[in-house]
Structures are given as structure tokens and as C-alpha cells.
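All remarks here apply to the structure that follows.
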Amino acid sequence: MPTIKSEMGRDDAQRDTKRPISLRAELTILIVVSSVLAFVLAWIATMLGLNGWIALPIAIAATLVFTYVTSRHLTRPLAQMIDAAQAMAEGDYSARVHIKKNSRDEVGELADAFNIMADELEHADQMRRDMIANVSHELRTPVSALQAMVENMADGIVEPTPANLESILTQTHRLSDLISFLLDLSRLEAGAASLEIAPINLAEFISETTGPLEYEDAGHGHTIEQRIPDDLNLEGDEARLHQLFTNIIANALKHSPDNTAILIEAHGDGTNDTVVVNVVNFGSHIPESVRNDIFRRFVKGKSGPGTESGGTGLGLSIARWAAQLHGGTVQVIDDPRGVNFEIVLPRYPQIAEQGDDEL
């Protein structure tokens, strides 16, 4: 997307400004210095009256030693990368390449990129393990509850009253939600999904989306205020947009103190032919340094007073994925009122071949 490309361009520009010398220049300087050193040593040996057949080997040997010692800082990161790559191939993602902070040549940048890749792989591996443990625990709880209730009914210990059947239905809904998360994860891994585009009235759509969330949130005292024009329309896939807004609004409710408000406001941007939706929860803030990280898979928010966290850490990743499928974006923007998730969607999305879309 254009934003990503522009950021990459800025990063490249920053690296270019930080790079004082290239690897090619370093090698050129090393060769020149070595040649001058060999000449000087040979000249000194000649001035001392040594035979040329003796002076030349001494100059060559001294030059080779100087070149070997001096060039070690160029090859050391490469050797470390080989060792680290072998360790990562065996499942150890903690290996890193250690370089000097002022090393800004191509080898230094390669080492930096390698360490970033290793950090991402280690994070993904740890988050996957946490997700498997969390999902296993979450699946075991409703399954055990269902098994106990059904066994008690089968043994005649508990009567199949409406209240007991409602408890069973609640557990089955919980299982269904967990299975949906796993299906969403498989779609995230594939990076694409088919879309069924249809006209949507945004005010009605948001009202339908927030209804179940308000019911589930009962007891926390949250209120959801909507400021959406009745005539604001767009086109999109209802199922994917439902995932998008459900996850964003549910995230706002989970991380808002009790008895506070959630604001959902929207407007049309005629210049870019887009619809802009802002979901604001008041009082809390997300540091700018972690605003991109919260959209990564398996990253779960921290809990605090009056908040709830947990789940699989996929909600915001799914939201971003659903927005990108429509050619839109989701990001956290600065807002003195609190955390503001801004969702920008094209009014008439141009859907490309979904198999080529990436997260």
C-alpha cells in the first residue's frame, strides 16, 4: 500500500544518511593502505641495507598480517550470521549478530536486518506457543462444562430445565466463537478471502453490530454513543466488515474502565471518496511506540483497573486484515480524548484478485 511504501522510502533515506562509508569504499581503502604499507616497509628495509629478497617477504608478511587483522571486523558479522542461522534452523531463535553501533556499511545493515528478522521469528514462535496454550485452555473449559452438564442430565441428576439448557447453549456459543477464531487464523495465514460486495447503510450496520456487544458487556456500565449520518452509505462485504467493527468496538469496551462511554462517529470524505469511522474510548491512551505492535498477530492488550483482556490476540489483526481486503486502513491516531481507532474505507472498493492480497 502507498503508506507502507512511503515509510519504507523514509527508512531507506535515513539509512543512507547514517551510512558514512560503503563496504566497497572500505575495501578500496584497505587495499590502498596495504599497498602503501608494503611499499613503505620495503623502502625502510632497503634503507636499512637489507637484501631485496629478504625485504620483500618481510613487507608482504607484515602487510598480510595487517590486512587480516584489519578485515576481521568486516567478516565477523558474516560468521556470526552463519552460526545464528544454523541455530535458528534447529529452533533456537535467541541467537543474534553483535556488531558495533557505528557500523553502517552493507554488512552492518545486513546484520541489523538479520537481527530484526530473528526478533520477528522469536516473537511469532512465542506468540504461537502462547496461542496454542490459550486456545487449548479455552477449549477445555467449555468442553468440560458441557460434558459435566450432559452427563448429569443423562444420569437424571439434573433436570433439562430451560435454565440448564441455556447454560449448555452458552457453552456451545463459546465453542463456536473459538472455532471462528481458528478459522480466521487460517484466513490470516492465507492472506486472502473472497468478498461479496453489497450496499450498506453504515448507521444501521453499526447499530446491528453494537447490539450484541452491549448485551455481552452488561454489568460494566459502558455506554455506546453513535454519531453517524443516516444517509452515509458504502459498499462492502457485510461479514468481513462485521468482523472489522466488532473487533474494534469490542476492544474499546474491554480496555475501557467501567461506567465510561464509547464514541463511534463517522463522516464521508468526498475528496478521497472514502468513509472515515472513529471509535474512541475516553480516558486511556496507547503509547505511540506500540501502536503498530497491537495489530500484530497474537499480541494481547494489557489489563488494568476496570478492563478485561485475554482471548487469542487476533482481534485487531483480523480487523486490519478485513479493512485491507476492502482497500482500507485501520490505525490509532492522536486524540486528547483517549484511544482513537480510525478506520478508513473506500466508498466503492476496487477488489483485486484475492489470492494476491497480503496482510
Side-chain angles (χ1 to χ4, degrees), residues 1-4 173 176-216 224 226-253 262 264-279 294-298 311-333 340-359:
M1 297 180 65
T3 302
I4 297 175
H173 284 165
S176 178
D177 291 340
L178 289 170
I179 293 171
S180 296
F181 265 117
L182 295 176
L183 292 175
D184 290 334
L185 175 60
S186 67
R187 295 190 183 102
L188 281 168
E189 294 292 345
S194 60
L195 297 180
E196 297 182 3
I197 302 300
I200 297 173
N201 179 273
L202 187 60
E204 296 178 359
F205 183 80
I206 295 297
S207 295
E208 294 174 357
T209 302
T210 57
L213 294 175
E214 289 179 308
Y215 177 79
E216 294 176 4
I224 300 178
Q226 299 183 34
R227 300 177 186 173
I228 304 174
D230 293 335
D231 59 348
L232 187 56
N233 301 308
L234 75 160
E235 293 184 354
D237 185 295
E238 290 191 10
R240 299 291 166 240
L241 292 181
H242 179 74
Q243 287 179 304
L244 167 60
F245 288 106
T246 296
N247 287 327
I248 294 295
I249 299 170
N251 179 80
L253 291 170
I262 304 297
I264 305 173
E265 54 186 1
H267 66 274
D269 184 349
T271 303
N272 299 311
D273 202 19
T274 59
V275 172
V276 181
V277 183
N278 295 90
V279 180
I294 63 176
F295 291 99
R296 295 167 64 182
R297 304 173 198 175
F298 314 120
T312 57
L314 287 174
L316 294 181
S317 293
I318 292 171
R320 183 184 64 176
W321 166 70
Q324 290 179 345
L325 285 178
H326 288 79
T329 60
V330 180
Q331 61 180 338
V332 179
I333 63 174
N340 187 339
F341 281 83
E342 184 175 82
I343 305 164
V344 180
L345 296 171
R347 193 183 296 269
Y348 306 103
Q350 301 295 322
I351 306 302
E353 293 184 8
Q354 301 300 320
D356 297 332
D357 287 342
E358 296 182 356
L359 289 175

Q | Check: Asn233 main-chain N/O paired with Arg347 side-chain donor or acceptor under 3.5 Å | A | yes
Q | Closest non-hydrogen atom pair, Pro229 against Ala266 | A | CD-O, 3.4 Å
Q: Look up atom CG in Leu345 and atom CG in Leu325, then write down how far apart they are to the nearest 0.5 Å.
A: 11.0 Å
Q: Would you check, one step at a time, whether the test side-chain contact (heavy atoms from CB on, under 4.5 Å) holds for Phe245 with Ile264?
A: CA-CA 10 Å; Phe245 288 106; Ile264 305 173; over 6 Å; no
**Q.** Any residue meeting side chain to side chain donor-acceptor pair (under 3.5 Å) with Thr246, in chain and number order, not counting sequence neighbours
**A.** His242
Q | Pairwise distance CD1(Ile318) to CG(Asn247) - rounded to 0.5 angstrom | A | 5.5 Å
**Q.** Among Asn251, Ile262, Ile224, the one residue meeting side-chain contact (heavy atoms from CB on, under 4.5 Å) with Val279
**A.** Ile262
Q. Roughly how far, to the nearest 0.5 Å, is OG1 of Thr329 from CZ of Arg320?
A. 11.5 Å
Q. What is the distance from atom CD1 of Ile200 to atom CG of Asp237, rounded to the nearest 0.5 Å?
A. 7.5 Å
Q. Can you tell me how far CG of Asn340 sits from CD of Gln331, rounded to the nearest 0.5 angstrom?
A. 9.5 Å
Q) Looking at Leu244 and Ala322, what are the two nearest heavy atoms and their distance? A) CB-CB, 4.0 Å
Q: Please tell me if the side chains of Ile333 and Asn278 come closer than 4.5 Å, counting only heavy atoms from C-beta onward.
A: yes
Q) Between Ala319 and Val330, what is the shortest heavy-atom contact and its length? A) O-CG2, 4.1 Å
Q) Is a side-chain N or O of Asn201 found less than 3.5 angstrom from the main chain of Asp230, in a donor-acceptor match? A) yes
**Q.** Listed partners of Gln226 passing side chain to side chain donor-acceptor pair (under 3.5 Å), at least two apart
**A.** Ser207, Thr210
Q | Spacing of Asp273 atom CG and Tyr348 atom OH [to the nearest 0.5 Å] | A | 6.5 Å
Q.
Tell me the closest heavy-atom pair linking Glu238 and Pro199, and the distance in Å.
A. OE2-O, 4.4 Å
Q | His326 side chain vs Pro346 backbone, donor-acceptor pair below 3.5 Å | A | no
Q) Does any non-hydrogen side-chain atom of Ile248 lie less than 4.5 Å from one of Leu316? A) yes
